[in-house]
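Have a look at the structure below before the remarks.
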Protein chains: 2
Amino acid sequence: MNLQDFFPYRLAVLAEAVSRSIALVYTARFNLTRDEWRVLAALAETGAMKTTHVIEHTTLDKMQVSRAVKQLACDGYLDRTGDPDDGRGYVLQLTPQGRTLYRKVVPMVQAREAFLLEDLTPEERAALDSALRKVWLRTHRLVRQD
Amino acid sequence: MNLQDFFPYRLAVLAEAVSRSIALVYTARFNLTRDEWRVLAALAETGAMKTTHVIEHTTLDKMQVSRAVKQLACDGYLDRTGDPDDGRGYVLQLTPQGRTLYRKVVPMVQAREAFLLEDLTPEERAALDSALRKVWLRTHRLVRQD
DNA sequence: TATTGTTATACTCTATAACTATA
DNA sequence: TATAGTTATAGAGTATAACAATA
C-alpha cells in the first residue's frame with residue numbers, strides 16, 4: 001500500500017487544506033466559526049427554518065447548532081421564535097444584519113471556490129461531482145453498519 | 001449560493017465521514033491514533049526514514065510526528081537511532097512487531113477503501129484522481145498566498 | 001415514553017512558542 | 001544564527017450524557 005495514493009488519506013489532506021483556506025475568510029474577517037457559518041448559510045438559503053431542519057441541512061449535531069444559534073442570536077444575526085406547531089422547538093430566521101453579513105461572505109468564499117476549481121473543464125467538474133456523490137452514498141452504507 | 005452544492009462544504013462532509021469510517025479500524029481495533037497510523041504507514045512503505053522525511057511524507061507537523069513516534073516506540077512498534085549524518089536527527093524504522101501490526105491493518109483499511117470506490121468504473125476513478133490532483137495544486141496556491 | 005433543545009463535563013486536537021542540542 | 005526535535009501550555013473542537021420542557 002502507498003499512503004500517498006490511499007484515497008481516504010488524499011481526501012483527508014485535501015479537504016483539510018480546502019477547509020482551512022475557506023475558513024480563513026469567515027473566521028479572520030468575520031469572526032464566525034465554521035458551525036456559525038453553516039447555520040448562517042442554511043438560513044440565508046431557505047429563509048425561516050426550524051432548528052431540526054437546520055441540523056439536517058448543515059450536517060451538524062444538535063449541540064453544535066444550539067451553540068452556533070446562541071452566538072449568532074447574541075451577535076444580532078438571527079431571531080429565534082417559538083415554533084407554533086411544537087412547543088419544544090423554535091423557528092430561526094436571519095435578521096437584516098444576518099443577511100447583510102451573509103451577502104458579504106458569499107462572494108468571498110465563492111471566489112475561492114472558483115479559484116480551486118479553475119483548472120477543471122465543465123466535463124471534469126461534472127465527473128468530479130458525480131464521483132463524489134457516488135462515494136458519498138457508499139460511505140453512508142459503511143457508516144450505517146458500524 | 002447553495003450550501004449543499006458548495007464544493008468545500010461537500011468535500012469537508014465527505015472527508016469527515018470517510019475518515020471516520022477508516023479511523024474506526026485503526027483506533028477501535030488497534031488502538032492507534034490517526035497520526036500514529038500515518039507514521040506507521042510511511043515507515044512500512046519506505047523502510048528506514050529520517051524524521052524529517054516522515055514529516056513530509058505524512059503531511060503532519062513536527063510535534064505530531066514527535067508524539068506519534070514516542071508512542072509507537074513505547075509500544076515497541078519502531079526503533080529510533082541517531083542519524084549518523086546529523087547529530088540532531090534520528091533514523092526511524094519499524095520493528096518486526098510494527099511490520100506485523102501494519103500487515104494486519106492494511107487489508108482492513110484497503111477493504112474499506114475498495115468498498116467506498118466500488119461504484120466507480122476505472123475511468124471514473126481515473127477522472128476522480130485527476131480532478132483531486134488538480135484541485136490539490138490550486139489549493140496549494142491559495143494556501144501559500146494566505 | 002420519546003423528542004427538542006440546553007447545559008455540563010471530560011476529552012482530544014491544534015497552535016504557539018520556549019527550549020536543548022547540534023549545525 | 002539556523003535547524004531538528006522535544007516539551008509545555010492554552011485554546012478550540014468533539015463526545016457523552018444529564019436535564020427541563022413538551023409531545
Side-chain angles (χ1 to χ4, degrees), chain A residues 12-13 15-17 19-24 26-28 30-39 42-43 48-74 78-93 143 146, chain B residues 12-13 15-17 19-21 23-24 26-28 31-39 42-43 48-74 78-93 143 146:
Chain A
V13 170
E16 198 192 322
S19 288
R20 204 175 285 267
S21 77
I22 298 294
L24 205 61
Y26 53 74
T27 60
F30 300 100
N31 200 33
L32 291 170
T33 65
R34 185 201 63 173
D35 296 355
E36 287 159 22
W37 154 245
R38 285 193 187 173
V39 170
L43 288 173
M49 272 179 112
K50 301 187 182 189
T51 308
T52 328
H53 296 143
V54 172
I55 290 170
E56 292 163 14
H57 208 261
T58 53
T59 331
L60 299 172
D61 62 31
K62 59 180 185 174
M63 296 117 34
Q64 292 174 303
V65 170
S66 173
R67 287 179 186 135
V69 164
K70 190 178 178 182
Q71 187 60 45
L72 289 170
C74 178
L78 68 77
D79 276 335
R80 211 184 64 150
T81 55
D83 180 352
D85 305 338
D86 185 336
R88 297 169 300 180
Y90 295 92
V91 176
L92 308 171
Q93 191 167 17
V143 169
D146 283 332
Chain B
V13 170
E16 198 191 324
S19 288
R20 204 175 285 266
S21 76
L24 206 61
Y26 53 74
T27 60
N31 200 33
L32 292 170
T33 65
R34 185 201 63 172
D35 296 355
E36 286 159 22
W37 154 244
R38 285 193 188 175
V39 170
L43 288 172
M49 272 180 112
K50 301 187 183 189
T51 307
T52 328
H53 297 143
V54 172
I55 290 170
E56 292 162 13
H57 208 262
T58 53
T59 330
L60 299 172
D61 62 31
K62 59 182 185 173
M63 297 116 37
Q64 292 173 302
V65 170
S66 173
R67 286 178 186 136
V69 163
K70 189 177 179 183
Q71 187 60 46
L72 288 170
C74 177
L78 69 76
D79 277 335
R80 210 184 64 151
T81 54
D83 181 352
D85 305 338
D86 186 335
R88 298 169 301 182
Y90 296 93
V91 176
L92 308 171
Q93 189 167 16
V143 168
D146 283 332

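All chains are named by letter (A, B, ...) in the order of the sequence lines, taking the proteins before the strands, and each is independently numbered beginning at 1. Computed from a predicted model, the values in this text were never measured in an experiment.
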- Message: With a 3.5 Å distance limit and no angle check, can you tell me whether B:Glu56 reaches the backbone of B:His53 through a side-chain donor-acceptor pair?
- Response: no

- Message: Under 4.0 Å from OP1 or OP2 of C:dA15: is there any side-chain N or O of A:Arg20 that close?
- Response: yes

- Query: Over how many whole Å does the gap from A:Leu24 atom CG to C:dT14 atom P extend?
  - Reply: 17 Å

- Expressed in angstrom and rounded to an integer, what is the separation of A:Lys62 atom NZ from D:dA21 atom C1'? 13 Å

- Counting side-chain heavy atoms from C-beta on, which of D:dG5, C:dT6, C:dT16 comes nearest to B:Tyr90? D:dG5

- Any side-chain N or O of A:Thr52 less than 4.0 Å from the OP1 or OP2 oxygen of C:dG5? yes

- Item | B:Arg88, nearest nucleotide to its side chain (from D:dT7, C:dG5, C:dA21) | C:dA21

- Item | Comparing A:Asp85 and A:Asp61 on DNA chain D - which has the more 5′ nearest nucleotide | A:Asp61

- Message: Counting neighbours of CG on A:Asn31 that are heavy atoms of other residues, nucleotides or ligands and sit closer than 6.0 Å, is the number greater than 12?
- Response: no

- Item | Contact under 4.0 Å: B:Lys70 side-chain N or O vs D:dT7 OP1/OP2 | yes

- Message: If you only use heavy atoms from C-beta on, which nucleotide in C:dT7, D:dT7, D:dG5 is closest to the side chain of B:Arg80?
- Response: D:dG5

- Establish, with yes or no, whether the OP1 or OP2 oxygen of C:dG5 is under 4.0 angstrom from a side-chain nitrogen or oxygen of A:Ser66. no

- To the side chain of A:Asp86, which of C:dT7, D:dT22, C:dA23 is closest? D:dT22

- Message: If the cut-off is 4.0 Å, is B:Gln64 near the phosphate of C:dC13, judged by side-chain N/O to OP1 or OP2?
- Response: no

- To the side chain of A:Thr51, which of C:dG5, D:dT14, D:dT7 is closest? C:dG5

